[in-house]
There are 2 protein chains.
Amino acid sequence: MAVRGRQCSIADALAVIGEKWSLLALREILLGERRFDQIARNTGASRDILATRLRTLVDAGVLTRRQYEAHPPRHEYVPTEAGRALQPILLNLMDWGDRYVAEGPPPTVWRHSCGADLRPQTVCAHCGEPVTEEGVSPVRLGPVR
Amino acid sequence: MAVRGRQCSIADALAVIGEKWSLLALREILLGERRFDQIARNTGASRDILATRLRTLVDAGVLTRRQYEAHPPRHEYVPTEAGRALQPILLNLMDWGDRYVAEGPPPTVWRHSCGADLRPQTVCAHCGEPVTEEGVSPVRLGPVR
DNA sequence: TCAGTGGGTTGTGAAATCCAACTTTGCACG
DNA sequence: CGTGCAAAGTTGGATTTCACAACCCACTGA
């Protein structure tokens with residue numbers, strides 16, 4: 001996707017959700033905010049940039065734009081399956097921010113359906129063991145263009 | 001951290017690693033590339049921007065810059081614990097890109113120490129069940145400033 | 001009639017990015 | 001000695017993106 005650099009799905013993913021404000025907009029939408037004004041307020045993004053980002057996300061199939069009122073026409077943004085699949089990534093990012101960037105107690109806390117406060121952990125789907133930097137190695141790498 | 005918008009560790013995390021090229025540089029460094037020229041080539045980032053990003057990441061404690069040769073002075077970039085903790089996030093991002101963005105087979109494949117090709121999965125550290133959008137809910141939210 | 005709401009678009013100026021070329025410190029070769 | 005090469009950036013100038021406030025349109029409710 002990127003013209004130069006390694007061919008890699010991380011780059012592909014970032015081409016869709018890596019621009020400024022995209023992930024914060026997604027955060028709000030996954031929190032249940034679906035209206036443009038509310039997303040703008042809660043992210044702090046300027047309205048013009050936010051409009052562009054939401055269009056990109058809709059075009060990429062991460063969100064859909066749904067009319068919820070005909071007169072006057074009003075729209076809301078709803079996550080697709082691809083959008084919902086970003087929830088774990090956002091939670092991991094939040095956890096990383098809590099641990100290594102933010103000072104003080106976590107501003108946001110999530111609960112898992114099991115009843116515990118959520119601490120997200122990435123595991124190998126095959127064996128269930130946590131994924132660490134030492135425990136993984138690349139088998140095949142994309143070529144550098 | 002952000003001036004406006006919801007106080008949130010996702011925003012804090014993105015302030016450190018959310019700028020263009022940061023995560024791709026991290027990808028290369030976690031792949032073992034530690035030299036400026038090589039990181040520049042493999043990401044496709046222009047050298048001036050890359051230099052600024054690496055400085056930011058060093059200042060944030062995600063990388064350290066280590067002299068590996070005195071005459072002439074040469075430096076390499078090594079991930080800190082915070083940097084290594086981003087590996088799971090990058091793998092999740094890659095998986096998302098493989099599934100929802102890239103066409104064709106995954107360009108990069110990782111192997112877990114258990115022997116299987118890695119499919120990363122985010123679980124609740126308490127109960128071990130996979131984290132899905134429906135299975136989590138916010139208990140406390142950061143205020144919107 | 002007049003203010004308010006939702007969902008944007010427009011204009012303008014500031015900031016970030018891109019690209020190519022250049023710099024610095026040294027080594028190796030002929 | 002002079003030339004070439006490498007690593008790790010820095011510099012200048014053009015281009016692109018972003019930020020901010022203002023505006024627009026279609027309604028609603030008082």
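Chain letters run A, B, ... following the sequence lines, proteins first and then strands; every chain starts at 1.
- Rounded to whole angstrom, the span from the OH atom of B:Y68 across to the C1' atom of D:dA6 amounts to 9 Å.
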Contact pattern, 5' to 3', of nucleotides 11-17 of chain C - B, S or - by protein heavy atom under 4.0 Å: B-----S
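- The shortest side-chain heavy-atom distance between A:C114 and B:H126 falls under the 4.5 Å cut-off.
- Counting heavy atoms from C-beta outward, A:P138 and B:L31 have side chains that approach closer than 4.5 Å.
- Residue-to-nucleotide contacts include a donor-acceptor pair under 3.5 Å from the side chain of B:R47 to the base of D:dG9.
- Atom CG in B:D37 sits roughly 5 Å away from atom P in D:dA7 (whole-Å rounding).
- The list of salt bridge (charged side-chain N to carboxylate O under 4.0 Å, His left out) pairs with a residue in residues 72-96 of chain B, not counting sequence neighbours, reads B:R66-B:E76, B:D95-B:R99.
- One finds no side-chain N or O of A:Y77 lying less than 4.0 angstrom from the OP1 or OP2 phosphate oxygen of C:dG6.
- The pair A:E19-B:K20 does not count as a salt bridge, with every side-chain nitrogen at least 4.0 angstrom from each carboxylate oxygen.
- A donor-acceptor pair under 3.5 Å is absent between the side-chain atoms of A:T122 and the main chain of A:V131, judged by distance alone.
- Side-chain contact between A:I17 and B:W96: present, with at least one pair of heavy atoms (C-beta onward) separated by less than 4.5 Å.
- Under the side chain to side chain donor-acceptor pair (under 3.5 Å) test applied with A:Y68, the options A:R35, A:H75, A:R34 reduce to a single match, A:R35.
- The distance from atom CG of A:L63 to atom C1' of C:dG7 is 16 Å, rounded to the nearest whole Å.
- The CG atom of B:L50 sits 9 Å away from the P atom of D:dG9 (whole-angstrom rounding).
- Side-chain atoms of B:E133 and A:L30, non-hydrogen and from C-beta on, do get closer than 4.5 Å to each other.
- The CZ atom of B:R66 sits 16 Å away from the C1' atom of D:dA7 (whole-angstrom rounding).
- Taking side-chain N and O atoms only, A:R65 has a distance below 4.0 Å to OP1 or OP2 of C:dG8.
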Whether each nucleotide of nucleotides 24-30 of chain D has a protein heavy atom under 4.0 Å at its base (B), only at its sugar-phosphate (S) or at neither (-) is summarised, 5' to 3', as --BSS--
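- What separates CD1 of A:I39 from P of C:dG7 is a distance of 9 Å, to the nearest Å.
- Within the 4.0 Å cut-off from OP1 or OP2 of C:dT5, not a single side-chain nitrogen or oxygen of A:R41 is found.
- Following rounding to the nearest Å, B:R55 (CZ) and D:dA8 (C1') show an atom-to-atom distance of 11 Å.
- The shortest side-chain heavy-atom distance between B:L63 and B:V78 does not fall under the 4.5 Å cut-off.
- As a whole-Å value, the separation of A:L54 CG from C:dT9 C1' is 14 Å.
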